[in-house]
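Remarks on the structure that follows.
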Amino acid sequence: MNKTLLFVINLIFAAFSGAAVSMAQSALSLTNYTYSPTQLVIGTIQSKESVARFTLRGPNAALFSVNKDNQLAIKSAATKSSTQWYDLIIEGRGEKGTQRDTFRLVNDQFIRNQVIAHRGAWKQSGTTENSLTSLNNAVKLGCMGSEFDVHMSSDSVLFIHHDPTIEGIEIEKTPASELAKLKLSNGEALPTLDAYLREGMKQNRTRLILEIKTSKLGRSMALTERVVAMVHHLKAQAWVEYIAFDYDVCKKVKALDPVAKVSYLNGDKSPAQLEADRLNGFDYHFSVLKKNEAWLQDAKQRHLTTNAWTVNDQPTLQWFLDQHVDYITTNEPELLLKLVSR
Ligand code: MG
């Protein structure tokens with residue numbers, strides 16, 4: 001590829017990323033993004049500016065209503081369709097002008113079991129972890145969630161991979177144009193977050209459990225901003241839940257999007273601390289929870305979600321099921337699905 005073309009591609013990436021970041025600063029948000037025939041009230045519309053009233057726009061506007069408390073509801077008839085989601089434009093008019101944003105409201109057929117496929121479902125099927133195939137396998141199996149890891153290239157493009165390096169190449173120090181040439185062992189291209197989210201949003205059964213990796217170059221906050229911006233840009237809020245080892249990353253996600261579900265991974269904060277910082281729960285190594293069994297009950301009393309990683313053997317999986325943990329992240333989703341269904 002010649003240098004001019006590379007330069008142009010990098011410019012396009014940079015412009016896109018910049019646009020996405022500004023979209024995350026949208027003045028409007030919702031407290032929830034899903035509906036079902038038994039849950040017609042979707043959530044409350046929130047605004048950073050004071051708004052006199054909200055108006056619904058776009059081709060799907062007639063399917064929804066807003067009440068005086070700014071609660072958004074879907075009409076019962078619209079929930080009977082097999083439509084996976086509706087896009088809705090919400091407009092708020094206030095003294096400082098008009099704010100407008102588009103929201104994707106998802107038919108809630110999300111699976112309620114304890115099973116999160118760690119880096120997708122790849123082991124039994126012999127595919128590559130953190131690939132689109134491993135994500136689709138987790139969806140086909142019927143996992144509640146499929147987990148994946150996000151790093152940022154030297155020019156701020158987001159890629160899915162567990163390790164900070166791939167084939168000896170440091171993701172953080174390499175431009176997207178070079179990373180885009182890399183192939184996974186199953187023949188897929190190294191996925192971007194954009195591609196991964198778009199793939200995951202083709203269905204409405206499995207949540208996308210997004211791990212923001214800690215930057216070795218001190219760019220974790222910038223990475224976090226870009227991740228949240230992209231989730232908002234793609235209107236993926238209904239699908240995505242966040243996890244991170246860096247506590248400041250967890251808090252940053254909540255600062256950017258207070259209704260986002262965020263769980264902490266590193267195992268060194270009590271449920272009381274997580275609650276004080278308004279995180280949604282913990283996702284701790286199973287050995288931490290075996291040493292601190294009381295945290296499971298304490299977390300439940302505080303309405304925090306409980307999640308253990310990465311549990312792969314039947315006795316330990318069963319132990320956590322017996323403790324009524326909310327979720328277990330595993331390389332053996334097939335085995336865990338068998339245990340939860342019996
Ligand atoms: Mg991970």
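Treat the numbers as computed from the prediction; the structure is a model and nothing was measured.
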Is any side-chain heavy atom of Thr224 less than 4.5 Å from a side-chain heavy atom of Asp248? no

Asn186 side chain vs Glu188 backbone, donor-acceptor pair below 3.5 Å: yes

Whether the side chain of Lys183 engages the backbone of Gly187 through a donor-acceptor N/O pair (distance < 3.5 Å, no angle test) should be reported. no

Are more than 12 heavy atoms, taken from residues, nucleotides or ligands other than Arg302, located less than 6.0 Å from that residue's CZ atom? yes

Rounded to the nearest 0.5 Å, what's the gap from CG on Leu182 to CD1 on Ile166? Could you check? 5.0 Å

Determine, stepwise, if the pair Glu129 / Ser134 fulfils side-chain contact (heavy atoms from CB on, under 4.5 Å). CA-CA 6 Å; Glu129 64 182 37; Ser134 72; 5.5 Å; no

Do Met144 and Thr206 come within less than 4.5 Å of each other through their side chains, counting heavy atoms only? no

Return the minimal non-hydrogen interatomic distance between His161 and Leu190, and the atom names on each side. ND1-CD1, 4.0 Å

Angle between ring planes, Tyr33 versus Phe103, binned at 30° and 60°: parallel, tilted or perpendicular? tilted

Any side-chain to backbone donor/acceptor pair from Glu241 onto Val262? Under 3.5 Å, distance only. no

Hydrophobic cluster membership, with links at side-chain heavy-atom distances under 4.5 Å among I/L/V/M/F/W/Y: are Tyr327 and Leu321 in one? no

Donor-acceptor pair, side chain of Ser220 and main chain of Thr214, under 3.5 angstrom: no

Non-hydrogen side-chain atoms of Ile243 and Trp309 separated by less than 4.5 Å: no

Looking at Asp69, is its backbone amide N or carbonyl O close enough to the side chain of Asn67 to form a donor-acceptor pair, meaning the two atoms are under 3.5 Å apart? yes

Would Ile89 and Leu234 show up in the same hydrophobic cluster when neighbours are defined by side-chain heavy atoms closer than 4.5 Å? no

Do Glu172 and Arg219 meet the salt-bridge criterion of a basic N to acidic O distance under 4.0 Å? yes

What I'd like to find out is whether the side chain of Lys300 reaches to under 4.5 Å of the side chain of Thr306, using heavy atoms alone. yes

Provide the closest heavy-atom pair for Asn137 versus Ala121 in the form atom of the first, atom of the second, distance. ND2-O, 3.1 Å

Are the side chains of Asp326 and Gln114 in touch, meaning some heavy atoms are under 4.5 Å apart? no

Quick check on the hydrophobic clustering: are Met230 and Val249 connected, directly or via other members, by side-chain heavy-atom contacts under 4.5 Å? yes

Side-chain donor-acceptor contact under 3.5 Å, Thr127 with Ser125: no

Going by side-chain contact (heavy atoms from CB on, under 4.5 Å), Phe159 matches just one of Thr192, Asp194, Asn130, Asp149. Which one? Thr192

What heavy-atom pair brings Asn312 and Leu335 nearest, and what distance separates the two atoms? O-CD2, 4.0 Å

Answer yes or no: does atom CZ of Arg57 have more than 12 heavy-atom neighbours from other residues, nucleotides or ligands under 6.0 Å? yes

Output the distance between atom CG (Leu197) and atom CG (Leu193), rounded to the nearest 0.5 Å. 4.0 Å

Rounding to 0.5 Å, atoms CG (Leu265) and CZ (Phe282) come to a distance of 12.0 Å

Are any non-hydrogen side-chain atoms of Glu95 and Glu49 less than 4.5 angstrom apart? no

Does Arg119 offer a backbone N or O that forms a donor-acceptor pair with the side chain of Glu147 under 3.5 Å? yes

Ignoring hydrogens, what is the shortest heavy-atom contact between Ser131 and Thr128? Give both atom names and the distance. OG-O, 2.6 Å

Look at the aromatic rings of Tyr264 and Tyr247 and report parallel, tilted or perpendicular, splitting at 30° and 60°. perpendicular

Report, as yes or no, whether the 6.0 Å neighbourhood of atom NZ on Lys290 holds more than 12 heavy atoms from other residues, nucleotides or ligands. yes

Flag side-chain contact, heavy atom, 4.5 Å: Ser153 against Leu179: yes

CG of Leu210 to OH of Tyr196: how many Å apart, nearest 0.5 Å? 10.0 Å

With hydrophobic residues grouped by side-chain heavy-atom distances under 4.5 Å, do Ile42 and Val51 end up in a single group? yes

Taking NZ, NE, NH1 and NH2 as the nitrogens, is one of them in Glu199 or Lys202 under 4.0 Å from a carboxylate oxygen of the other? yes

Is the backbone of Asn280 close enough, under 3.5 Å, to the side chain of Lys261 for a donor and an acceptor to pair up by distance? no

Under the side-chain contact (heavy atoms from CB on, under 4.5 Å) rule, what do Gln318 and Leu339 come out as? Steps first, then yes or no, please. CA-CA 7 Å; Gln318 190 59 54; Leu339 296 178; 3.9 Å; yes

Roughly how far, to the nearest 0.5 Å, is the CG atom of Asn136 from the CD atom of Gln203? 8.0 Å

How about Phe110 and Trp85: are their ring centroids closer than 6.0 Å? no

Verdict with reasoning, Leu208 to Phe148, per side-chain contact (heavy atoms from CB on, under 4.5 Å): CA-CA 8 Å; Leu208 307 175; Phe148 55 97; 3.7 Å; yes

Atom NZ of Lys75 with >12 non-hydrogen neighbours under 6.0 angstrom: yes

Under 3.5 Å, is there a donor-acceptor pair between the side chain of Asn113 and the main chain of Gly142? yes

What is the minimum heavy-atom distance between Cys143 and Leu337, and which atoms define it? SG-CD1, 4.3 Å

Atom NE2 in His118, atom NE2 in His162: separation rounded to 0.5 Å? 5.5 Å

Heavy-atom neighbours of Lys269 NZ exceed 12 at 6.0 Å: yes

Step by step, work out the side-chain contact (heavy atoms from CB on, under 4.5 Å) result for Asn32 and Leu72. CA-CA 10 Å; Asn32 180 53; Leu72 177 69; over 6 Å; no

Show every salt bridge (Lys or Arg N to Asp or Glu O under 4.0 Å) that has at least one partner inside residues 103-116, sequence neighbours left out. Asp87-Arg104, Asp108-Arg112

Any donor-acceptor pair under 3.5 Å from Ser47 side chain to Ser50 backbone: no

Group every Ile, Leu, Val, Met, Phe, Trp and Tyr by side-chain heavy-atom contacts under 4.5 Å, then state whether Phe245 and Leu274 land in the same group. no

Are Glu332 and Lys123 ion-paired here, with the side-chain N under 4.0 Å from a carboxylate O? yes

Strictly by modelled atom types, are Lys80 and Ser76 linked by a side-chain donor-acceptor pair under 3.5 Å? yes

As a quick check of understanding, evaluate salt bridge (Lys or Arg N to Asp or Glu O under 4.0 Å) for Lys252 and Glu225, giving each step before the final call. CA-CA 8 Å; Lys252 180 74 176 175; Glu225 285 177 6; 3.2 Å; yes

What is the ring orientation for Tyr35 with Phe64, classed by angle as parallel under 30°, tilted 30 to 60°, or perpendicular over 60°? perpendicular

Counting N and O atoms only, with roles assigned by atom type, does the side chain of Thr329 sit under 3.5 Å from a partner on the main chain of Thr310, one being a donor and the other an acceptor? no

Minimum heavy-atom separation for Thr174 and Asp155, please, with both atom names. O-OD1, 4.3 Å

Are Thr316 and Phe286 close enough that some pair of their side-chain heavy atoms sits under 4.5 Å apart? yes

